[in-house]
Asker: 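Supplied in structure tokens, the structure appears directly below.
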Amino acid sequence: MLADHGFEATYREYTKQPLSRAELVDLLKTLRMAPRDVLRAADAAKAALSATASDDEVLDAMVANNRLLQRPILVTPKGARVGRP
């Protein structure tokens with residue numbers, strides 16, 4: 001669908017190339033969101049991540065378990081968006 005509109009995308013396999021903490025911080029700045037805003041709640045519960053965890057704790061958990069990050073996330077020169085229904 002994107003290619004039909006002249007947009008070329010590069011897919012990053014997050015399970016093979018997880019984002020570093022610095023990349024997550026930069027991505028969150030681009031998204032204008034806090035770590036908890038892109039946290040997959042069901043996976044966070046399975047990982048025993050506390051509902052009162054700080055932003056730093058959520059970031060650390062996302063670095064340790066990349067499945068906690070909502071996806072897909074599309075990044076363009078104009079900004080970034082989480083692909084949610």
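The first residue in the sequence is number 1, and the count goes up from there. Please read these numbers as outputs of a predicted model, since none were measured by experiment.
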Asker: Any idea which heavy atoms bring Leu68 and Ala61 closest together, and the distance?
Answerer: CD1-O, 3.5 Å
Asker: Provide the closest heavy-atom pair for Leu24 versus Met62 in the form atom of the first, atom of the second, distance.
Answerer: CD1-CB, 3.8 Å
Asker: Minimum heavy-atom separation for Pro35 to Leu59, with atom names?
Answerer: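 In terms of heavy atoms, the two residues are closest at CG-CG, 3.8 Å.
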Asker: Does a sphere of radius 6.0 Å around CZ in Arg81 hold more than 12 heavy atoms from other residues, nucleotides or ligands, not counting ones at 6.0 Å or beyond?
Answerer: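 Counting neighbours around CZ of Arg81, 12 or fewer heavy atoms of other residues, nucleotides or ligands fall under 6.0 Å, so no.
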Asker: Do Arg12 and Glu23 touch side chain to side chain, with heavy atoms closer than 4.5 Å?
Answerer: yes
Asker: Any side-chain heavy atom of Ile73 within less than 4.5 Å of one from Leu31?
Answerer: yes
Asker: Please indicate whether Arg67 has more than 12 foreign heavy atoms, meaning atoms of other residues, nucleotides or ligands, lying under 6.0 Å from its CZ.
Answerer: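 No, CZ of Arg67 has 12 or fewer neighbouring heavy atoms, counting only those of other groups under 6.0 Å.
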Asker: What are the two closest non-hydrogen atoms of Pro18 and Thr15, and how far apart are they?
Answerer: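 Shortest heavy-atom separation between Pro18 and Thr15 comes out as CD-O, 4.4 Å.
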Asker: For a quick test of reading the model, state the closest non-hydrogen atom pair linking Thr52 to Arg36 and the distance between them.
Answerer: C-NH2, 4.2 Å
Asker: Which atom names give the shortest non-hydrogen contact between Ala34 and Leu28, and what distance separates them?
Answerer: O-CD2, 3.8 Å
Asker: Please examine the side chains of Arg21 and Asp60, heavy atoms only from C-beta on, and report whether any two atoms are closer than 4.5 Å.
Answerer: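 In contact.
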Asker: When Val75 is tested against each of Thr10, Asp26, Leu27 for side chain to side chain contact (heavy atoms under 4.5 Å, CB included), which residue passes?
Answerer: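 Of all the options given, the one that passes is Leu27.
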Asker: Give a yes or no on whether Leu39 and Val25 share a hydrophobic cluster (residues Ile, Leu, Val, Met, Phe, Trp, Tyr; joining criterion: side-chain heavy atoms under 4.5 Å apart).
Answerer: yes
Asker: Measuring only between side-chain heavy atoms, which start at C-beta, is Leu49 closer than 4.5 Å to Asn65?
Answerer: no
Asker: Could you tell me whether Arg32 and Asp37 make a salt bridge, using a distance below 4.0 angstrom between a side-chain N and a carboxylate O?
Answerer: no
Asker: Hey, does the side chain of Asn66 reach the backbone of Tyr14 with a donor-acceptor pair shorter than 3.5 angstrom?
Answerer: yes
